[in-house]
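Structure first, commentary second.
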Amino acid sequence: MWAAIALTMMATTVVTGCSSDSQESAPTPPVVLPSELTRAEQTMVNQSNEFAFNLFREAQDEVKSQVLSPISIVFALGMLNNGADGETLAQINNVLGFADTGADGINNFCYKMLNMAPNLDPLTKVMIANTVFLNKRYELQTEFVRKSNTFYNANPETRDFYDGKTLDVINQWASDHTEKMIEKVLDETSFAPDAVSYLLNAIYFKGSWAKKFDKAKTVEEPFAHAGFTEELTYVDMMRQTSDFEYAETDDCQALRLPYGNGSFQMTVILPKEQSNALPKVPTAEEWLLLNNKMDPQLVDVSLPRFETDTDIDLKPIMTKLGMVDAFDEKKADFSYFCNRPVYIDLMKQVAKIKVDEEGTEAAAVTVIGVALTSIGTEPMPVVFHANHPFLYVISEKQTGAVFFIGQYTGY
């Protein structure tokens, strides 16, 4: 009998699990790496960013504002990937951008980020957490548990899914690891008491602008929102003129707004044409080129104060990106996850972001579920007025790793 896996991400990921034997001889546990990346590690970051932009391009809503955490999905799937084999394993590696390094590459990338990101800036709070809730009727494979603990700091918890409390426990875990930004990732409809396991990853980010906006200068201004209408909406527009890193191409302007000591930053990508057209999502190569063009400039900045919530089903998106077999109960191969054949039955992410004069607060949870089934001189400032739809990326400066990517459309 097949079992279905559910994976949920709030920048939190939930996976459903299984049984006992080990997959292979245990590799040597990793040591804590310095913040500088080796050439191979930087390649992993670039590959992960390629996935980030591919993901958002496929998920991009035609009208609404939205936010996603690609790195949360990497953590969630990376953990589950330690239970995969065959074509299922290969497809996950390919989609996440780790075809050359495989599951070990994803493990090392996640381990690096788990240990590095929270310690880069005392003025910026970054929390990354992973866990596995297991139905007491099943048993996870020993090697899967060891890798989950070693690389993801995840300790599986066995529970009776029919106790009437597990749903609340999962949601409470999400709330606790996102500073209450995300209080519910599953409900009575999406939670299955007969699931094998739920695997979760949670990411929380709170950063204060290195150069804060003056609240007294925030005024209501028109915004050309996305859609098929010329009608304007009105938003609270924050303003300041200061020195920021700035670049532009034939199509867009790009502004880098640092947090705290500069280890993390928001890059706002604004189409030059002032219209309600959606911003173009860059490729990883275009992202690198844009970052390399950044130079200090005096910039007249207008940026909306906004909040965005996203609750998205990732199955159709990941399938389109090439992760097909994992969702097919006849083809999925998670031989090293548990003692039962399983497939991913649920994969979703819940994310939220708040941007105001003080800074940015963002969180995401990813859930994967498994369930049983039968299957110089004062220059003139550059004008950067974000009064029409724009793209934004929150990344770690030294590596360029993308933590959150979103768009603001006025809706």
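Only a predicted model underlies this, so the values are computations on that prediction, with no experimental measurement involved.
- In this structure the side chain of K272 never reaches within 4.5 angstrom of the side chain of D250, judged on heavy atoms.
- At a threshold of 4.5 Å between non-hydrogen side-chain atoms, the residues F151 and N108 count as touching.
- Side chain of Q91 to main chain of V324: a donor-acceptor pair is present (N/O by atom type, distance under 3.5 Å, no hydrogens or angles).
- Of the residues listed (Q240, R305, K217, K212), the one engaging E357 in a side-chain hydrogen bond (donor to acceptor under 3.5 Å, both in side chains) is R305, and it is the only one.
- In this structure, the side chain of T319 engages the main chain of K315 through a donor-acceptor pair within 3.5 Å.
- The shortest non-hydrogen separation linking M237 to P222 is CE-O, 4.5 Å.
- N149 and N155 are linked by a side-chain donor-acceptor pair at a separation below 3.5 angstrom, with hydrogens and angles left out of the test.
- Side-chain polar atoms of T308 and Y408 form no donor-acceptor pair below 3.5 angstrom.
- Minimum heavy-atom separation, G410 to F223: N-CE2, 3.6 Å.
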Apply side chain to side chain contact (heavy atoms under 4.5 Å, CB included) to residues K397 and S263 and explain how you reach the verdict.
CA-CA 5 Å; K397 184 173 184 179; S263 294; 5.8 Å; no
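- With hydrogens and angles left out, the side-chain atoms of R57 and N54 include a donor and acceptor closer than 3.5 Å.
- Closest approach of F133 to I170, counting heavy atoms only: CD1-CG1, 3.8 Å.
- Separation of atoms CG (N153) and OG1 (T131) is listed at 9.5 Å; rounding is to 0.5 Å.
- Side-chain atoms of M318 and M347, non-hydrogen and from C-beta on, do get closer than 4.5 Å to each other.
- The aromatic ring centroids of F205 and F264 lie less than 6.0 Å from each other.
- Side-chain contact, T249 with D251: no donor N or O sits under 3.5 Å from an acceptor N or O.
- Counting heavy atoms from C-beta on, the side chains of F337 and F144 come closer than 4.5 Å.
- Salt bridge annotation for E87-K331: absent, with no cationic side-chain nitrogen under 4.0 angstrom from a carboxylate oxygen.
- The backbone N or O of G78 lies less than 3.5 Å from a partner atom in the side chain of Y152, making a donor-acceptor pair.
- Closest of all the heavy-atom pairs between I73 and Q349 is CG1-NE2, 3.6 Å.
- The main-chain N or O of L89 is found under 3.5 Å from a side-chain atom of N93 such that the two form a donor-acceptor pair.
- For S69 (side chain) and F403 (main-chain N/O), a donor-acceptor pair under 3.5 Å exists by modelled atom type.
- Between the side chain of S65 and the backbone N or O of Y411 there is at least one donor-acceptor pair closer than 3.5 Å.
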Output, in order, the C-alpha distance, side-chain angles, deciding distance and verdict of side chain to side chain donor-acceptor pair (under 3.5 Å) for D176 and Q172.
CA-CA 6 Å; D176 290 345; Q172 187 62 52; 2.8 Å; yes
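- Put simply, the side chain of D356 gets close to the backbone of G359: a donor and an acceptor are under 3.5 Å apart.
- For the pair K125/E361, no side-chain contact is recorded, criterion being any heavy-atom separation below 4.5 Å from C-beta on.
- Distance alone, capped at 3.5 Å, is enough to place a donor-acceptor pair between the N135 side chain and the P193 backbone.
- Considering all non-hydrogen atoms of both residues, M79 and A154 come closest at SD-CB, 3.7 Å.
- K320 NZ: 12 or fewer foreign heavy atoms inside a 6.0 Å radius.
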Could you give me the CA-CA distance, side-chain angles and deciding distance for N171 and V185, then say whether side chain to side chain contact (heavy atoms under 4.5 Å, CB included) is met?
CA-CA 6 Å; N171 286 328; V185 290; 3.5 Å; yes
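- Distance alone, capped at 3.5 Å, places no donor-acceptor pair between the T409 side chain and the P389 backbone.
- Counting only distance, with no hydrogens or angles, the side chain of Q407 and the backbone of K64 share a donor-acceptor pair below 3.5 Å.
- For the pair L278 and D61, the tightest heavy-atom approach, listed with the atom from each and the gap, is CD1-O, 3.4 Å.
- Side-chain N/O atoms of R256 and N291 include a donor and acceptor closer than 3.5 Å.
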